[in-house]
K.L.:
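Let me give you the structure first, and then I'll get to my questions.
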Protein chains: 2
Amino acid sequence: MAESSQSKATRSAGARGGTDRVLGELRRRIANHVLPPGVPLREQDLATEFGVSRARIRDTFGILEERGLIERIPNRGAVVTRLEADKITELFEVREALEAQMVRLATEKAPPGTWDELTELFGPSMNATLAENDFDAYEEAVHKFRQQCIAAADNAVLSDLLDSLYDRTQMLIRRLVLLPGRAQEGMRQHQEILAAMRAGEAEEAERLKRANIRSARDWFQNYQKYLM
Amino acid sequence: MAESSQSKATRSAGARGGTDRVLGELRRRIANHVLPPGVPLREQDLATEFGVSRARIRDTFGILEERGLIERIPNRGAVVTRLEADKITELFEVREALEAQMVRLATEKAPPGTWDELTELFGPSMNATLAENDFDAYEEAVHKFRQQCIAAADNAVLSDLLDSLYDRTQMLIRRLVLLPGRAQEGMRQHQEILAAMRAGEAEEAERLKRANIRSARDWFQNYQKYLM
DNA sequence: GGCGGCAATATTGTCAACAATTTTGACAGC
DNA sequence: GCTGTCAAAATTGTTGACAATATTGCCGCC
């Protein structure tokens with residue numbers, strides 16, 4: 001995430017000047033629920049905190065709204081977006097398409113050996129870790145998988161869209177991991193995906209990733225009342 | 001396009017106040033190359049033209065930049081984005097994933113009979129129209145296909161992403177149609193996609209749509225020097 | 001003609017003030 | 001306690017001025 005935000009700034013050669021710093025920080029806080037859903041955002045307060053003009057904050061708000069992270073209501077201000085269940089379903093449907101493509105492109109474009117280290121990471125030691133309910137290590141592994149695929153896919157447009165989606169859903173994804181049996185299932189799925197990727201079977205890897213996101217969506221729908 | 005822009009305004013209950021009007025108009029001009037790539041956009045001039053504050057224009061610029069339609073350079077202003085070949089390739093890769101998902105969802109969600117009228121539209125009379133090099137009718141049919149799929153897919157997040165992508169690529173897509181044989185190929189492909197959709201074969205429809213976008217990308221790459 | 005220097009001009013970025021709108025708090029009445 | 005009214009306070013939206021930065025035009029020199 002931080003890397004992607006940084007790469008965007010680099011790519012635009014500082015196009016947004018001070019906005020990137022503010023934007024990156026607000027994205028982080030919103031994505032992590034440091035600023036939780038429903039919280040109002042005050043222009044002047046943020047301008048003071050970040051030492052920028054109010055105009056700069058308003059500029060940033062435009063971008064945050066476009067990324068679905070906040071909602072602005074005329075004359076009333078901005079609030080951090082609350083995700084409703086139907087919107088989450090929509091996000092999963094889009095995520096399914098984009099992450100499947102990410103995996104497909106990564107498989108097609110990556111040189112041999114790219115996925116060896118990750119395959120080890122998702123190996124027997126991780127199974128043992130999960131048996132002890134250590135979700136941190138699993139989460140970190142999934143994060144690493146994700147980053148490596150994005151890098152290998154080598155598509156900045158896709159990368160940005162995935163980041164944007166992730167900003168909006170990461171706390172939910174984190175909660176999903178806690179559901180009994182979900183992590184173990186996800187683990188198996190990632191192992192299969194990686195096996196297909198190592199074998200260079202892009203279409204199969206894509207199909208498996210698609211199934212992985214669909215199952216996440218199913219878990220969300222089955223446990224919806226505990227998650228929201 | 002106009003409908004989607006309108007639906008966004010409705011959904012947010014006027015969240016952006018006057019920004020939507022300005023945003024919609026600038027999107028239209030940029031997408032259609034009324035404001036062609038490379039053209040500078042002057043804040044004060046636009047503020048005067050639209051009768052809004054300069055702050056409102058800057059707000060809109062933030063959004064346009066987030067949608068990839070303009071680039072802003074500190075202290076120098078905004079210009080309409082020029083699409084380089086590698087960025088176009090990236091856009092095609094993303095488009096492939098999203099439009100395939102659009103078609104898949106549309107197939108899964110639409111009631112029987114939804115695609116009958118479109119199938120007729122892409123029928124023998126359109127073949128005859130194309131034989132006379134009447135691309136307008138074909139383009140209109142593809143547009144109608146697209147809109148109907150977006151509506152049937154019933155996913156606002158996906159819809160917005162597709163709109164955003166289309167804004168950025170529509171002039172190129174229009175040029176592609178002119179290439180000798182491209183429209184005829186596209187025509188066949190749409191007929192096949194619609195057949196799969198009518199048969200309720202979501203996965204097959206998706207595969208065919210994917211192939212359709214991939215072939216568009218191939219045509220772009222083969223005729224790149226004539227198109228840019 | 002090309003280059004450099006410099007002033008004039010244009011444009012963005014910021015600031016402060018104020019208009020417009022909304023929210024909050026205090027109070028009275030039921 | 002709840003509701004309505006009204007003033008005070010808070011916040012957004014706009015405006016104009018000006019600082020900061022970049023561009024353009026003019027002139028002189030080689």
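In what follows, chains carry the letters A, B, and so on, assigned in the order in which the sequence lines appear, proteins first and then strands, with residues in each chain numbered from 1. Since the model is a prediction, treat every value here as computed from it, not as a measurement.
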K.L.:
Is the positively charged end of B:R146 above the ring of B:Y166, judged by distance under 6.0 angstrom from the centroid and angle within 45° of the axis?
P.N.:
yes

K.L.:
Output the rounded distance in Å from CZ (A:F50) to P (C:dG13).
P.N.:
19 Å

K.L.:
Identify, between A:N75 and A:A55, the residue whose nearest nucleotide on DNA chain C lies closer to the 5' end.
P.N.:
A:A55

K.L.:
Rounding to an integer number of Å, can you tell me how far B:I73 CD1 sits from C:dA10 C1'?
P.N.:
16 Å

K.L.:
If the cut-off is 4.0 Å, is A:R42 near the phosphate of D:dA10, judged by side-chain N/O to OP1 or OP2?
P.N.:
no

K.L.:
Describe, in one word, how the ring planes of B:W115 and B:F145 are oriented to each other, choosing from parallel (under 30°), tilted (30 to 60°) and perpendicular (over 60°).
P.N.:
tilted

K.L.:
Mark yes or no for a side-chain to base donor-acceptor pair under 3.5 Å between B:R54 and D:dG13, with no hydrogen or angle criteria applied.
P.N.:
no

K.L.:
Any idea which of C:dG13, D:dT12, D:dG13 is nearest the A:P74 side chain?
P.N.:
D:dG13

K.L.:
Starting at CG of B:L41 and ending at C1' of C:dT12, how long is that distance when rounded to a whole Å?
P.N.:
13 Å

K.L.:
Using the six-membered ring wherever Trp is involved, compare the ring planes of B:F92 and B:F220 and label them parallel, tilted or perpendicular (cut-offs 30° and 60°).
P.N.:
tilted

K.L.:
Within this structure, what is the CD-to-P distance between A:E43 and D:dT11, rounded to whole angstrom?
P.N.:
10 Å

K.L.:
I need the CD-P distance between B:E71 and C:dT12, as an integer number of Å.
P.N.:
16 Å

K.L.:
Of all the heavy-atom pairs spanning B:R168 and B:G68, show the shortest one and how long it is.
P.N.:
NE-O, 3.7 Å

K.L.:
Within this structure, what is the CD-to-P distance between A:Q44 and D:dT12, rounded to whole angstrom?
P.N.:
9 Å

K.L.:
Would you say the side chain of A:R76 and the base of D:dG13 hold a donor-acceptor pair, judged only by whether the two atoms sit under 3.5 Å apart?
P.N.:
no

K.L.:
Over all heavy atoms of both residues, which pair between A:R27 and A:L64 is shortest? Give the atoms and the distance, please.
P.N.:
CG-CD2, 4.0 Å

K.L.:
Atom CZ of B:R72 to atom P of C:dT11: distance rounded to whole Å?
P.N.:
16 Å

K.L.:
Could you tell me the separation between the CZ atom of A:R56 and the P atom of C:dT12, rounded to a whole number of Å?
P.N.:
13 Å

K.L.:
C:dG13 phosphate, OP1 or OP2: any side-chain N/O from B:R58 under 4.0 angstrom?
P.N.:
yes

